[in-house]
Number of protein chains: 2
Amino acid sequence: MDDRAATDLAMLVLRAATEVVDGIGEGMAARGYDDLRPAHGFAFARIAAADTTVVDLAEHLGTTKQAASQLVAGLVERGYVVREPDPRDARARLLRLTEAGEACTRAAEAAAADVVAGWNEVLPRASLGALHAMLRRVVTPGPLRPAW
Amino acid sequence: MDDRAATDLAMLVLRAATEVVDGIGEGMAARGYDDLRPAHGFAFARIAAADTTVVDLAEHLGTTKQAASQLVAGLVERGYVVREPDPRDARARLLRLTEAGEACTRAAEAAAADVVAGWNEVLPRASLGALHAMLRRVVTPGPLRPAW
DNA sequence: TCGGGATAGTCAATGTGATTGACCATATGG
DNA sequence: CCATATGGTCAATCACATTGACTATCCCGA
């Protein structure tokens, strides 16, 4: 694979990501969530997955803890997240999704699945699985930056 | 492919894009370009490809023409782009890369190729081509949004 | 056990980039 | 030619993230 093709592949990945992000945004809007940006979704995913603090979240999003704190404040204000005391550390506050927050997460997952379903239509059946497998091998676990 | 796997695939695409963006950023910094963000790169790609005006660029980046104008102003200031009169329309100004701008584009392509080269190491040789082919089929041409 | 340094979190001020709104110059179509 | 649409910029504002400062709590060693 020469440089030209390699650059091309990199651009295809970026374009695919743009489609995913835009598609999720549209799907969320269609489901009645029009006040949430991708950064919120990434935060939801992290908060849902494990006991999460503001500092954890900041690292995961690749931002400062102040920015993460502001983000969380907005989510709390809108009723998607609650802050609970950490029984192990009186400084820390554990973040937890409310029922509304979990409903929102499910909506985002459905929207993401819709985007991929669109790909399924233009790709041979087995290929989507192959795509998945390849990306899984290629990609290293790490943060999902909400902004370029 | 069920919803779970579909969501998972979508996330893999986003993570891959994050790697591409971060990788290019690091590669550019290593090559001495530390004042350029991804949005600039997307602008370069567009300006290099065809006769481009500020409004064209705005559509391509998915922003307003004012934002595109500001972006271009910064690039002009730093010597990467020049504005030339459009012989066909006295209102318009065609954007063109300077030699510095083209050198910068080459550096970005090399950095992108480096990222993909890393993938090449963990993937069977033929697979990278297959990945390319799949994404090409899946992806529709469209804007490359610099921000989520 | 107590004192110093590290860590969790917030508040306030600042800065950067994008958007909205207004405006001028030029094109274009009736 | 006049009305309207389009390319572009300037200015004001807004949204978001960052830097800096500060409090409260934890942890570790003397």
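So you know, we letter chains A, B, ... as the sequences are listed, proteins then strands, and number each from 1.
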Quick check: closest heavy atoms across A:Val116 and B:Ala6, and the distance to 0.1 Å?
CG2-O, 3.4 Å
So which one's nearest nucleotide on DNA chain D is more toward 5', B:Val55 or A:Arg88?
B:Val55
Checking D:dT9, C:dT10, C:dT19 against the side chain of B:Thr63 (C-beta onward), the nearest is C:dT19
Looking at C:dA18, I'd like to know if its phosphate oxygens (OP1 or OP2) sit under 4.0 Å from a side-chain N or O belonging to B:Thr64.
no
d(CG, B:Leu57; P, D:dT6) in whole Å:
19 Å
Atom-pair distance (CZ on A:Arg37; P on D:dC14), nearest Å
18 Å
Looking at every strand, decide which applies to B:Ala90 at a 4.0 Å heavy-atom threshold: base, sugar-phosphate, or nothing.
sugar-phosphate
Please give, in whole Å, the distance from D:dC16 P to A:Leu75 CG?
12 Å
A:Arg31 side-chain N/O to A:Gly27 backbone N/O, donor-acceptor pair under 3.5 Å:
yes
Counting the atoms with a prime plus P, OP1 and OP2 as sugar-phosphate, which does A:Ala92 contact under 4.0 Å by heavy atoms, base, sugar-phosphate, or nothing?
sugar-phosphate
Mind checking B:Arg83 for me? I need base, sugar-phosphate or nothing, with any heavy atom below 4.0 Å counting as a touch.
sugar-phosphate
Side-chain heavy atoms of A:Leu71 within contact of A:Leu61, under 4.5 Å:
yes
Atom CZ of A:Arg93 and atom C1' of C:dT7 are separated, to the nearest Å, by 16 Å
Closest to the A:Arg91 side chain: D:dT9, C:dG9, C:dT7?
C:dT7
Figure out the CD/C1' separation between A:Glu84 and C:dA8, and round it to whole Å.
17 Å
Starting from A:Val55, can I reach A:Leu75 by hopping between I/L/V/M/F/W/Y residues whose side chains sit under 4.5 Å apart?
no
Per side-chain contact (heavy atoms from CB on, under 4.5 Å), B:Thr53 is matched among B:Leu94, B:Val72, B:Ile47, B:Leu95 by B:Leu94
Closest-nucleotide mapping onto DNA chain C: is B:Gln70 or B:Lys65 further toward the 5' terminus? I mean the 5' end.
B:Gln70
Can you check the B:Asp56 CG to D:dG8 C1' distance for me, whole Å?
13 Å
Examine C:dC11: is either OP1 or OP2 under 4.0 Å from a nitrogen or oxygen in the side chain of A:Ser69? Give yes or no.
no
Remember a base hit wins even if backbone is also touched, and classify B:Asp89 as base, sugar-phosphate or nothing at under 4.0 Å, heavy atoms.
sugar-phosphate
A:Asp86 CG - D:dA24 P separation (whole Å)
19 Å
Gap between atoms CZ and P, on B:Phe42 and C:dA18 respectively (whole Å):
13 Å
Counting side-chain heavy atoms from C-beta on, which of D:dT25, C:dA12, D:dT9 comes nearest to A:Gln66?
C:dA12
